[in-house]
Amino acid sequence: FTEKQLDRYADVLLWALKTARTRLFKKNDIVLIRYGTPALPLAETVYAKLLDMGIHPVLRADLTANMEKTFFERSNHRQLTFQPPGERELFNRLNGAVFLNAPDSITHLSHIDPKKIGKFAVARKHLRDILDARDQAGNFGWTLCIYPTKELALHARLSLKAYVAQIVTACFLDEASPVSHWQDIYHGATSIK
């Protein structure tokens with residue numbers, strides 16, 4: 001992405017975040033930015049824009065594919081179900097989340113027992129329940145996006161450059177105001193609904 005495209009992508013994500021929440025964001029709200037390491041340039045852009053809004057951004061990098069594979073290969077039951085101290089408190093206070101999906105692999109867990117992955121997911125379910133309840137009350141909103149990686153391009157049978165071009169086109173990132181296009185789409189969908 002160019003710097004201008006990153007800036008526009010961040011604008012679209014923040015518009016989506018605001019639109020996803022029924023209550024307005026206010027200064028000192030807390031927004032989680034969870035990102036894959038390839039998406040660091042976009043995470044930095046979103047981070048700066050949240051600071052400009054008076055928001056407290058909290059950053060969480062996803063595990064790399066190798067770290068995630070190692071975790072599921074080597075973790076015991078206690079490690080699988082471990083919750084870091086403060087996680088519940090953070091989720092109880094989150095007002096929003098931006099997920100920047102940028103996988104460096106999408107097949108690295110194909111050899112892992114699904115029961116082990118399921119046990120990990122179940123151990124974190126209470127955190128999803130907190131966010132669902134906050135969302136229903138209008139106190140939480142979220143959005144997500146895909147950030148291009150070589151792995152995603154490979155599985156799409158595209159070059160990385162062509163994959164990036166698909167995202168740029170789909171998200172209107174070459175338009176002067178992509179948020180205006182998204183607003184039009186949103187209003188059109190709402191009127192049909």
(request) Mark yes or no for whether Lys116, through its side chain, and Asn76, through its backbone, hold a donor-acceptor pair below 3.5 Å. (result) no
(message) Test your reading of the model: is there a side-chain donor-acceptor pair from Arg134 to the backbone of Leu94, 3.5 Å cut-off?
(response) yes
(request) Please indicate whether Gln136 has more than 12 foreign heavy atoms, meaning atoms of other residues, nucleotides or ligands, lying under 6.0 Å from its CD. (result) no
(request) With the side chain counted from C-beta on, respond yes when Asn101 and Leu144 share a heavy-atom pair under 4.5 Å apart, and no when they do not. (result) yes
(request) For Glu3, look at atom CD and say whether over 12 heavy atoms of other residues, nucleotides or ligands are found less than 6.0 Å away. (result) no
(message) Any heavy-atom pair between the side chains of Leu152 and Pro103 that's under 4.5 Å?
(response) yes
(request) For the residue pair Ile33 and Arg60, establish whether any side-chain heavy-atom pair is separated by less than 4.5 Å. (result) no
(message) Donor-acceptor check, side chain of Arg21 to backbone of Asn95, threshold 3.5 angstrom: yes or no?
(response) yes
(message) Side chains of Val98 and Leu17, heavy atoms from C-beta outward: is any pair under 4.5 Å?
(response) yes
(request) Answer whether the closest heavy-atom distance between the side chains of Met53 and Lys26 falls below 4.5 Å. (result) no
(message) I'd like to know if Leu59 and Met67 are part of one continuous hydrophobic network [Ile/Leu/Val/Met/Phe/Trp/Tyr, side-chain heavy atoms within less than 4.5 Å].
(response) no
(request) Give every residue pair that meets the ring pair (Phe, Tyr, Trp, His ring centres under 6.0 Å) criterion with at least one member in residues 75-108, sequence neighbours excluded. (result) none
(request) Report yes or no: does Trp182 contribute a side-chain atom to a donor-acceptor pair with the main-chain N or O of Cys171 at less than 3.5 Å? (result) yes
(request) Using the side chain to side chain donor-acceptor pair (under 3.5 Å) rule, take Asp29 and His56 through it: C-alpha gap first, then chi angles, then the decisive distance, then the call. (result) CA-CA 6 Å; Asp29 277 351; His56 298 294; over 6 Å; no
(message) What verdict does the side chain to side chain contact (heavy atoms under 4.5 Å, CB included) test give for Thr107 and Glu151, after you've listed the backbone C-alpha separation in whole Å, the side-chain angles of each residue and the deciding distance to 0.1 Å?
(response) CA-CA 9 Å; Thr107 60; Glu151 181 75 359; 4.1 Å; yes
(message) Please report whether the ring centroid of Tyr147 lies less than 6.0 Å from that of Tyr9.
(response) no
(request) Without swapping roles, check the side chain of Arg8 against the backbone of Leu173 for a donor-acceptor pair under 3.5 Å. (result) yes
